[in-house]
Amino acid sequence: FQLRGISSNGDQSFVKKLSEQWKVPFITTEFNTKAYVEIHKTSIQLAARELRYKWFAKMQQLYNLDAIATAHHADDNLETFLINLSRGTGLEGLTGIPEINGIYVRPILPFSKEAIISYAKEEGLQWREDASNSDTKYLRNQYRHTVIPAIKEAQPKVLHNFNATISYLQQSQSIVKAYVLQFKDAYWEEDPAINGYKIAVKAIEKEPQSDILLFELLKSYGFTAWTDISKLLKAQSGKKIFSPTHTLLKDRTHLLVYPKINALVEIIKIDKSAQQVVLTTKESLKITDTAKKEPNTKTNVFLDTNTLVFPLSVRKWKEGDYFYPEGMSGKKKISKFFKDEKFSMPQKSATWLLCSGDKIVWVIGYRVDKRFLVSQESKDGLKIEFKK
């Protein structure tokens with residue numbers, strides 16, 4: 001991580017010699033951790049964790065590894081528990097470091113640091129202490145050198161008792177997970193229109209522990225403002241709460257969870273030669289030259305090329321937008337179209353408009369403008385297909 005200078009180089013040299021002695025492969029890498037911290041606005045410890053686990057994942061794929069073992073032990077587990085407890089956490093934050101988590105295994109997690117050092121001495125094994133372990137500017141080290149020794153002095157069997165407690169908490173968490181999955185199966189609905197999910201408010205309100213249920217349902221989407229989220233059940237329609245990645249919206253009868261939509265998204269240009277246009281990771285347009293006149297659908301439209309001004313553009317709607325919907329007389333404001341179609345707020349934000357100059361050609365996925373349709377006289381046409 002290029003944080004500890006000569007001490008870190010000594011650690012690397014020690015491991016390399018050990019691998020040569022034991023005749024096992026030695027792989028090393030370096031990270032510019034401080035630059036990563038600046039770019040991602042995170043802490044040194046969190047940056048180091050993210051960097052190493054990304055690298056572990058690459059190594060797992062490169063060498064087709066069945067598992068990656070890390071050297072966490074019982075003292076590490078107790079430190080994690082106390083840190084989470086002091087910061088405030090749900091049940092999952094009190095279940096400690098998992099012994100098995102996907103490809104990651106922690107075979108010495110049940111053993112104390114004292115027991116591991118004792119074993120190493122008995123077997124004549126050498127080791128090195130990470131120099132940063134003594135630096136009390138890190139919160140973990142404050143617990144390691146101050147809090148935990150005081151606890152051990154007051155209760156010598158704390159690690160033994162702690163391991164038993166963790167086991168009980170993990171079993172309790174399994175029950176909670178099973179209950180949440182049962183609720184999700186019944187009330188957590190995927191909503192393709194918003195690229196997200198919706199939960200019936202009445203179903204949550206019937207639950208005796210609705211706050212805990214909401215915590216378990218929403219924690220993976222980055223939400224932390226739990227007091228505000230609880231109030232959201234009784235809030236007026238349209239109230240929103242944001243996480244770094246998602247929006248939680250109180251609609252009329254549901255809570256809606258969907259990815260944040262960048263209101264400043266750039267306009268996507270479409271040249272005359274384009275055959276495929278990617279809108280999002282889950283949405284695209286397929287464009288084919290054809291003079292056929294076929295019925296338009298929500299996802300397929302047939303346009304007269306000679307009525308279009310290239311490059312075409314795809315953008316989100318704005319106030320004042322209007323079009324001439326196929327099958328209707330006169331023009332209609334996009335906002336009125338959304339209202340008549342009973343669009344939710346996230347549906348409005350997620351809907352794309354295909355434009356020719358400043359004219360709207362198609363409310364993509366819903367209704368086409370009749371001014372641009374292929375006619376019997378049309379010689380050049382386009383079929384545009386919306387794939388979702």
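Heads up: numbering here begins at 1 and tracks the sequence.
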Check your understanding: For D289, what residues pass the side chain to side chain contact (heavy atoms under 4.5 Å, CB included) criterion, not counting sequence neighbours?
Key -> L382
Exercise for review: Take E20 and K16 through the test side chain to side chain contact (heavy atoms under 4.5 Å, CB included) and record every step on the way to the result.
Suggested key: CA-CA 6 Å; E20 290 169 354; K16 185 176 183 180; 3.7 Å; yes
**Study point:** Qualifying salt bridge (charged side-chain N to carboxylate O under 4.0 Å, His left out) pairs, either residue in residues 322-336, two or more places apart
**Key:** K332-D340, K336-D340
Check your understanding: For F323, which of F337, F338, W317, Y366 qualifies under ring pair (Phe, Tyr, Trp, His ring centres under 6.0 Å)?
Key -> F337
Revision key, fill the gap. The side chain to side chain contact (heavy atoms under 4.5 Å, CB included) partners of T28 (sequence neighbours excluded) come to Q12, F26
Point to revise | L255 vs L233 side-chain heavy atoms within contact, under 4.5 Å | key: yes
For residues 102-119, dump all side-chain donor-acceptor pairs below 3.5 Å to protein atoms at least two apart in sequence or in another chain.
residue, atom, partner, partner atom, Å
R106, NE, T70, OG1, 3.3
R106, NE, H72, ND1, 3.3
R106, NH1, P98, O, 2.8
R106, NH2, Y53, OH, 3.3
S112, OG, A115, N, 3.0

Review point. Going from CD1 on I287 to CD1 on I384, what distance comes out if it is rounded to the nearest 0.5 angstrom?
Key: 5.0 Å
Practice item. Check step by step if salt bridge (charged side-chain N to carboxylate O under 4.0 Å, His left out) holds for K240 and D251. Key: CA-CA 9 Å; K240 294 179 182 177; D251 203 15; over 6 Å; no
Point to revise | V277 with V363, same ILVMFWY side-chain cluster at under 4.5 Å | key: no
Review point. CG of L78 to CD1 of I97: how many Å apart, nearest 0.5 Å?
Key: 10.0 Å
**Study point:** Joint hydrophobic cluster, L65 plus L62, side-chain heavy atoms closer than 4.5 Å
**Key:** yes
Practice item. Kindly indicate, with the supporting measurements, whether the criterion side chain to side chain contact (heavy atoms under 4.5 Å, CB included) is fulfilled by K239 and L249. Key: CA-CA 6 Å; K239 177 72 174 175; L249 168 71; over 6 Å; no
Check your understanding: Does the side chain of R52 reach to within under 4.5 Å of the side chain of F1, using non-hydrogen atoms?
Key -> yes
Review point. For Y143 and S86, does a side-chain donor sit closer than 3.5 Å to a side-chain acceptor?
Key: yes
Check your understanding: Where the side chain of S356 meets the backbone of V309, is there a donor-acceptor pair that is under 3.5 Å apart?
Key -> yes
**Study point:** Close side-chain approach of R4 to D11, heavy-atom, < 4.5 Å
**Key:** yes
Exercise for review: Hey, could you give me the CG/CG distance between L303 and N296, rounded to the nearest 0.5 Å?
Suggested key: 7.5 Å
Check your understanding: With side chains defined as the heavy atoms from C-beta onward, is the minimum distance between Q276 and S284 less than 4.5 Å?
Key -> yes
Point to revise | salt bridge (charged side-chain N to carboxylate O under 4.0 Å, His left out) evaluation trace for K339 with E341 | key: CA-CA 5 Å; K339 184 178 180 181; E341 295 291 318; over 6 Å; no
Exercise for review: Taking the side chain as every heavy atom from C-beta outward, state whether H246 and Y258 have any pair of such atoms under 4.5 Å apart.
Suggested key: no
Study note, to complete from the structure: For residues 267-284, the salt bridge (charged side-chain N to carboxylate O under 4.0 Å, His left out) pairs (sequence neighbours left out) are E283-K388
Point to revise | L256 backbone acceptor or donor facing H254 side chain under 3.5 Å | key: no
Practice item. Nearest 0.5 Å please: distance from the OH atom of Y221 over to the CG atom of L218. Key: 8.0 Å
Review point. Hey, is D76 close enough to R144 for a salt bridge, meaning N to O under 4.0 Å?
Key: yes
Exercise for review: Go through L217 and Y197 one step at a time and tell me if the side chain to side chain contact (heavy atoms under 4.5 Å, CB included) criterion holds.
Suggested key: CA-CA 11 Å; L217 289 169; Y197 300 89; over 6 Å; no
Check your understanding: What side-chain hydrogen bond (donor to acceptor under 3.5 Å, both in side chains) pairs are there with at least one residue in residues 90-99, not counting sequence neighbours?
Key -> E92-K219
Exercise for review: Please check if L169 and I175 belong to a single hydrophobic cluster, counting links between Ile, Leu, Val, Met, Phe, Trp and Tyr side chain heavy atoms closer than 4.5 Å.
Suggested key: no
**Study point:** Aromatic ring proximity W362/F372, centre distance under 6.0 Å
**Key:** no
**Study point:** Same apolar cluster: I360 and I270, side chain cutoff 4.5 Å
**Key:** no
Exercise for review: Quick one: list whatever passes salt bridge (Lys or Arg N to Asp or Glu O under 4.0 Å) with R140, sequence neighbours left out.
Suggested key: E79
**Study point:** Sequence-distant partners of V374, side chain to side chain contact (heavy atoms under 4.5 Å, CB included), two or more places apart
**Key:** K293, F302, S378
Point to revise | Partner set under side chain to side chain contact (heavy atoms under 4.5 Å, CB included) for K17, not counting sequence neighbours | key: S13
Review point. Do L285 and K387 have side-chain heavy atoms sitting under 4.5 Å apart?
Key: no
Review point. Below 4.5 Å, heavy atoms only, C-beta onward: do K234 and E205 meet side chain to side chain?
Key: yes
Review point. Is there a chain of hydrophobic side chains (I, L, V, M, F, W, Y, each step under 4.5 Å between heavy atoms) that links L279 to L354?
Key: yes
Practice item. Report the distance from atom CG of L94 to atom CD1 of I166, rounding to the nearest 0.5 Å. Key: 7.5 Å
Review point. Rounded to the nearest 0.5 Å, how far apart are CG of L51 and CD of E30?
Key: 12.5 Å
Practice item. Run the numbers on D321 and R315 for salt bridge (charged side-chain N to carboxylate O under 4.0 Å, His left out), then give the verdict. Key: CA-CA 11 Å; D321 279 339; R315 63 171 174 83; 2.9 Å; yes
Point to revise | Between Q171 and S167, a side-chain donor and acceptor under 3.5 Å | key: yes
Tabulate below the donor-acceptor pairs under 3.5 Å that side-chain atoms of residues 154-161 make, not counting sequence neighbours, or state none.
residue, atom, partner, partner atom, Å
Q155, OE1, K157, N, 3.2
N161, ND2, K157, O, 3.4

Practice item. Indicate yes or no for a side-chain donor-acceptor contact from D369 to the backbone of Y324 under 3.5 Å, with no hydrogens or angles considered. Key: yes
Check your understanding: Under 3.5 Å, side chain of Q2 to main-chain N/O of F31, donor-acceptor pair present?
Key -> yes
Practice item. With sequence neighbours excluded, give me every salt bridge (charged side-chain N to carboxylate O under 4.0 Å, His left out) pair touching residues 167-196. Key: none
Exercise for review: Just do the side chain to side chain contact (heavy atoms under 4.5 Å, CB included) check on K250 and Q236 with the steps written out, would you?
Suggested key: CA-CA 7 Å; K250 168 67 183 300; Q236 289 185 335; over 6 Å; no
Review point. Quick one: does Q21's side chain have a donor or acceptor within less than 3.5 Å of a partner on L18's backbone?
Key: no
Point to revise | pair F183-E216: side-chain heavy atoms closer than 4.5 Å | key: no
Review point. What residue pairs, at least two apart or across chains, pass side-chain hydrogen bond (donor to acceptor under 3.5 Å, both in side chains) with a residue in residues 33-44?
Key: Y36-E50, Y36-K54
